[in-house]
Amino acid sequence: MSFPFISAEEAASHINNGDTVATSGFTASGTPKIVPVALAERARKFHENGEPFKVNLFTGASTNDYVDGALTRANAIGKRAPYQANPDTRVGVNNCEMEYYDPHLSHLSQDMRYGFLGDVDVAIIEVTEMNPSGEVILGAGIGMTPTIAKAAKKVIIEYSSYYRTSFRGFHDNYIPLDPPHRREIPIYKPSDRIGSTVLKIDPKKIIGVVPSNESESISSFTSLSETTRAIGANVAEFLASEMRKGHIPHEFLPIQSGVGNIANAALYGLADNPAIPRFEMYTEVVQDAVMELMEKGKCSFASTCALAFSDETMLRFMDNISFFRDKLLMRPGEISNHPEVVRRLGLIAMNTALECDIYGNVNSTHVNGTKIMNGIGGSGDFCRNAYLSIFLCPSIQKNGKISTIVPMVPHVDHNEHSVKVIVTDQGVADLRNTDPSQRAKIIIENCVHPDYKQLMWDYLKVARKGHTPHNLHAAFAMHNTFEEAGDMRLTDFARYA
């Protein structure tokens, strides 16, 4: 069966107001680029004529400006899930211009298969190879593509010619059985392959193929700062000390690392510490740092959901792709993040926090408890089930006007029962085998910036005694002071005595 080549505009014409649209990819990697922009223009024309046009958008994780940005600016998103990281979408969500809910990334694919999300009308899937029988090779990210290819009524293919060499052999497409017939996911080490390098799509669903030559448009991360270097060095020295104590086996454990500058800094910290041996990764995203660590021989293998390389690094990767063929494997997000596998492999999970409180609760998503930043992503999947769950953050933000360690976080994504270790540029708080009062002292002594230590002790003086000492009148005083005066250091806890 041959598939017609069609324009992005013709492809978008098959998507109607109220449709549920799902896309391939995970972060910007492997997401469609051409059709979503055409869909945004279609919505804009409907709106100019006074007609409604919005779609429900489900993705593997965050996308890029081609998807979230273009559709948000066209006011074309009715409901959105899961994780998002586009500035325009963030504004739209916080202005309540779209419905947004934020499930764990490992849950969305199975929720779709269970029917919890309703019908999927159209899937837009980026591929780098295909044949007339509907067998395709995906791009730089999988996300929930195997599930949306199965669930969608219609499929639009974006055929990318941007990549100079085939991704064939890097994917591990796999869908678990549904209850009550589910079996174990047979991954016992990060390199175990359990699925197919090829994804089979029902040819009768494919309405056309849209040629594309756009990059992922991922910018390089900023250089390490004094603060991020300190965080990386602190987490590496902590893990080295755990090895010396016998808490981590001498061959080490697989690493999971989140996204962003701090996550990259943590990996560079591991590379720079001679006590940390060569390691493997079982994670949801690999970034530029992982490629460098592989080239240096520090990281021997990485199982991931996406290659979230900057455009510059991606081209270098493609030029040297033969070197990486036995070192990288891409899986669907529900497998890369699956709690069963995370627990079995004994991952060391390192994720980033917006803020933590003195009892070990972590806010990863909401500024002042109300404004979404991005979303929970996969951090909950890893945090609850990891061998060691570590959260990283700088001790201060906004030139010292904000402390990331506070008496009580105004939004909880990861609670004290799951968080084992907190690391800032100031030091490490090991919270294992401690009660709340002990945790507060350890966090204040080791993780709080000097400008805020006395404030934290002042809070404990006015807290009501109990298993978890708190003063509910004063718990959010630092947040309120920042909103009113622009600097948390001006907080006066004495007024609550």
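Treat the numbers as computed from the prediction; the structure is a model and nothing was measured.
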Query raised in the report: How about Asn399: does its CG atom have over 12 heavy atoms from other parts shown lying under 6.0 Å from it?
Result: no
Query raised in the report: With no hydrogens and no angle check, do the side chains of Asp425 and Ser395 hold a donor and an acceptor under 3.5 Å apart?
Result: yes
Requested in this report: Check Leu329 against Arg193 and note the closest heavy-atom contact, atom names and distance.
Outcome: CD1-NH2, 3.1 Å
Query raised in the report: Salt-bridged, Glu340 to Arg344, with N to O below 4.0 Å?
Result: yes
Query raised in the report: Under 3.5 Å, is there a donor-acceptor pair between the Ser166 and Glu129 side chains?
Result: yes
Query raised in the report: How would you list all residue pairs meeting side chain to side chain donor-acceptor pair (under 3.5 Å) that involve residues 260-282, not counting sequence neighbours?
Result: Thr222-Asn261, Tyr268-Glu292
Report task. Please round to the nearest 0.5 Å and tell me the distance separating atom SG of Cys447 and atom CD1 of Ile442. Result -> 9.5 Å
Query raised in the report: Is there a donor in the side chain of Thr59 and an acceptor in the side chain of Arg80, or the other way round, less than 3.5 Å apart?
Result: yes
Query raised in the report: In terms of the angle between their ring planes, are Phe317 and Phe309 parallel, tilted or perpendicular, with boundaries placed at 30° and 60°?
Result: tilted
Report summary line: One should read off an interatomic distance between Leu315 CG and Asn320 CG, to the nearest 0.5 angstrom, of 11.0 Å
Report summary line: Scanning both residues in full, the closest heavy-atom pair of Pro407 with Ala475 reads CB-O, 3.7 Å
Query - Matching residue for Thr31 among Asn64, Thr23, Asp68 - test: side-chain hydrogen bond (donor to acceptor under 3.5 Å, both in side chains) - result: Asn64
Query raised in the report: At their closest point, which heavy atom of Ser215 faces which heavy atom of Lys33, and how far apart are they?
Result: O-CE, 3.5 Å
Report task. Indicate whether the side chain of Ser389 and that of Ser418 have a donor and an acceptor atom separated by less than 3.5 Å. Result -> no
Report task. Give, for atom CG of Leu138 and atom OG of Ser29, the distance between the pair rounded to the nearest 0.5 Å. Result -> 12.5 Å
Query - Flag if over 12 foreign heavy atoms under 6.0 Å of CG, Asp435 - result: yes
Query raised in the report: Would the number of heavy atoms belonging to other residues, nucleotides or ligands and lying under 6.0 Å from NZ of Lys327 be above 12?
Result: yes
Query - Whether His104 and His107 hold their rings parallel, tilted or perpendicular, with breakpoints at 30° and 60° - result: perpendicular
Query raised in the report: Of all heavy-atom pairs between Pro186 and Tyr174, which one has the smallest distance, and what is that distance?
Result: CD-OH, 3.9 Å
Query raised in the report: Which ring pair (Phe, Tyr, Trp, His ring centres under 6.0 Å) pairs, counting each pair once, include a residue from residues 231-256, with sequence neighbours left out?
Result: none
Query raised in the report: For Arg384, does the CZ atom sit with more than 12 other heavy atoms under 6.0 Å from it, leaving out its own atoms?
Result: no
Query raised in the report: Between Ser303 and Pro190, which heavy-atom pair has the shortest distance, and what is it?
Result: CB-O, 3.5 Å
Query raised in the report: In chain order, what residues pass the salt bridge (charged side-chain N to carboxylate O under 4.0 Å, His left out) check against Lys245, with sequence neighbours excluded?
Result: Glu242
Report task. Take Asp319 and Arg316 through the test salt bridge (charged side-chain N to carboxylate O under 4.0 Å, His left out) and record every step on the way to the result. Result -> CA-CA 5 Å; Asp319 285 339; Arg316 186 159 61 89; over 6 Å; no
Report task. Begin with the C-alpha distance, continue with both residues' side-chain angles, and end with the deciding distance and a verdict on side chain to side chain contact (heavy atoms under 4.5 Å, CB included) for Arg432 and Leu388. Result -> CA-CA 10 Å; Arg432 293 169 294 176; Leu388 263 180; 3.6 Å; yes
Report task. Give a yes-or-no answer on whether the side chains of Thr365 and His411 include a donor-acceptor pair shorter than 3.5 Å. Result -> yes
Query raised in the report: Mind checking what makes side-chain contact (heavy atoms from CB on, under 4.5 Å) contact with Pro179, not counting sequence neighbours?
Result: Tyr114, Arg182
Query - Criterion side-chain hydrogen bond (donor to acceptor under 3.5 Å, both in side chains) against Thr72, the qualifying member of Thr89, Asp88, Asn86 - result: Thr89
Requested in this report: Applying side-chain contact (heavy atoms from CB on, under 4.5 Å), name anything that partners Ala349, two or more places apart in sequence or on another chain.
Outcome: Gln256, Asn351, Phe382, Ala386
Requested in this report: Can you sort out the partners of Ser106 under side chain to side chain donor-acceptor pair (under 3.5 Å), two or more places apart, ordered by chain and number?
Outcome: Asp381
Report summary line: Minimal heavy-atom distance between Asn337 and Glu284, with the atoms involved, is ND2-OE1, 2.8 Å
